[in-house]
Amino acid sequence: MTFWRDRPARRFCFFLFAFALALLGALSALALFQAGEERAMLRRHDEAVAASLLAQGVAQDVVAVALTSEAGGGAGRALLQRQGLLDGWHPAMRGAWGARMLGVLAAWGALSAALLLGAFLFLERRERAYDLAADALERLAQGEADAGLPGEQEGAYSRLLSCAARLAAMLRSRGESEHEGRVFLRNMISDIAHQLRTPLAAMSMYQEIIAAEADCEQTVLRFSGKMADALGRMERLVESFIRLARLDAGGIVFERERCEIAELVNMAAGELTTRMQREGKTLTLEGEPELELLCDRALTAEAIGNVIKNAVDHTGRGGVIRVSWSASPLLTRITVEDDGPGIAPEDIHHIFKRFYRGPAASGARGVGLGLPLALAIAKGQGGTLGVSSAVGHGAAFTFSFPNLTKP
């Protein structure tokens, strides 16, 4: 009886039950009225018979015995038959029967009208609810996010509305995701075109120079090297774009394993060692050598390497980059600090945006994808990447990873 959970259905059932009680009361009253009418009719008949017998000189005792006698007989039946009183209506009943029939018809008409009125009101209210739900669904289909469905507490109708609301939310979410995907793709294509335009223009210029001075070996070697650098930059740029796109789309599966953090940091800084030596910069490591982190080895090392490279890019000659790590019962943290010029307050909230380069970074290397990629890798493994800085006192980037117990 799941329909009993539906409030309108309960109301309709209560109405039918009340109607049944009213019908029972009306019939009972009609029965009592009929019994009273029959008693009055019999009394009037007995009065008429007694008066007739007394007028004909019959003794009162004989009349009283005749009226109270319950014995029947063939002689009495034969007399009534000769008088025509056994067939058709008795004269004393004709008026009472007509009144009784009128009362029954009136009661039936009133109760039937009440039943029809209740059913009409129920169906009309139900139709109104369906119309409201249909209008809300139509508005949702047209993209109105605030077109709320009319609510019911429970029952089949409520479950239908709840399913419709969930379906509308799913469709709306899917539409938003598709819109965000289209925006992301459009922005990605625009960014790729914008970032590739510069090295392509440089390569075109280098090619023209080489073609114009093809006989000069020194010029050919010099600008061939520049073209190789431009091609390498383009390759790194495209790889970063592809990695970011796959991370955003959830297309990269993180292969988690137990890794020593010291090993991760050495992997991350390995390609930068020669450059730091050439530029007179120092890298220091602080932390327990045996401390481990459950993570994707290659991707986590890449994320740490991007942050270290950012520190190297923004640290002057003779600067120091410090990498430290520690663990608590809940989190493992890896911090990369530098003693560079720091990050301006107006820039610190934008440094994780793609291609963002503040005024202070105009002379630094890179295109502004390292930090966004590091943040995406950290988030993909359930972690975060935060930053703190003060102008003139360097910057500190901190990875925070939850201490998972299982790969």
Main-chain N/O of Val312 paired with Lys281 side-chain donor or acceptor, under 3.5 Å: yes
Value rounded to 0.5 Å, distance of [atom1] in [X] from [atom2] in [Y]:
X	Y	atom1	atom2	value
Leu285	Asn266	CG	CG	6.0 Å
Leu293	Glu260	CG	CD	11.5 Å
His314	Asp338	NE2	CG	9.0 Å
Ile304	Ile334	CD1	CD1	4.0 Å
Ile351	Leu371	CD1	CG	6.0 Å
Thr273	Met276	OG1	CE	5.0 Å

Over all heavy atoms of both residues, which pair between [X] and [Y] is shortest? Give the atoms and the distance, please.
X	Y	result
Gly383	Phe401	CA-CD2, 4.2 Å
Arg256	Gly382	NH2-N, 4.5 Å
Pro289	Ala262	O-CB, 4.1 Å
Ala269	Leu283	CB-CD2, 3.4 Å
Gly319	Asp339	CA-OD1, 3.6 Å

Looking at residues at least two apart in the chain, or sitting in another chain, which of them share a side-chain contact (heavy atoms from CB on, under 4.5 Å) with [X]?
X	answer
Thr284	Thr282, Val320, Arg322
Ile210	Val220, Phe223, Ser224, Met227
Ala374	Ala303, Asn306, Val307, Leu385, Phe399
Glu213	Cys216, Thr219

Asp313/Arg275 salt bridge by N-O under 4.0 Å criterion: yes
Partners meeting salt bridge (Lys or Arg N to Asp or Glu O under 4.0 Å) with Glu208 (sequence neighbours left out): none
Set of residues satisfying salt bridge (Lys or Arg N to Asp or Glu O under 4.0 Å) with respect to Glu292, sequence neighbours excluded: none
side-chain hydrogen bond (donor to acceptor under 3.5 Å, both in side chains) partners of residues 382-391, not counting sequence neighbours, each pair once: none
side-chain hydrogen bond (donor to acceptor under 3.5 Å, both in side chains) involving Glu263 - partner list, sequence neighbours excluded: Arg297
Worked check of side-chain contact (heavy atoms from CB on, under 4.5 Å) between Arg222 and Ile209: CA-CA 10 Å; Arg222 176 186 174 188; Ile209 295 175; over 6 Å; no
Audit row: Thr300, Phe254, side-chain contact (heavy atoms from CB on, under 4.5 Å) steps and yes/no: CA-CA 10 Å; Thr300 305; Phe254 292 91; over 6 Å; no
Pairwise salt bridge (charged side-chain N to carboxylate O under 4.0 Å, His left out) hits with a residue in residues 370-388, at least two apart: none
Derivation of the side-chain contact (heavy atoms from CB on, under 4.5 Å) call for Arg333 and Ser328: CA-CA 8 Å; Arg333 294 183 174 87; Ser328 67; 4.2 Å; yes
Identify every side-chain donor-acceptor pair in residues 390-398 under 3.5 Å, counting partners at least two apart or on other chains, and give the distances.
residue, atom, partner, partner atom, Å
His393, ND1, Val391, O, 3.3
Thr398, OG1, Thr335, OG1, 3.2

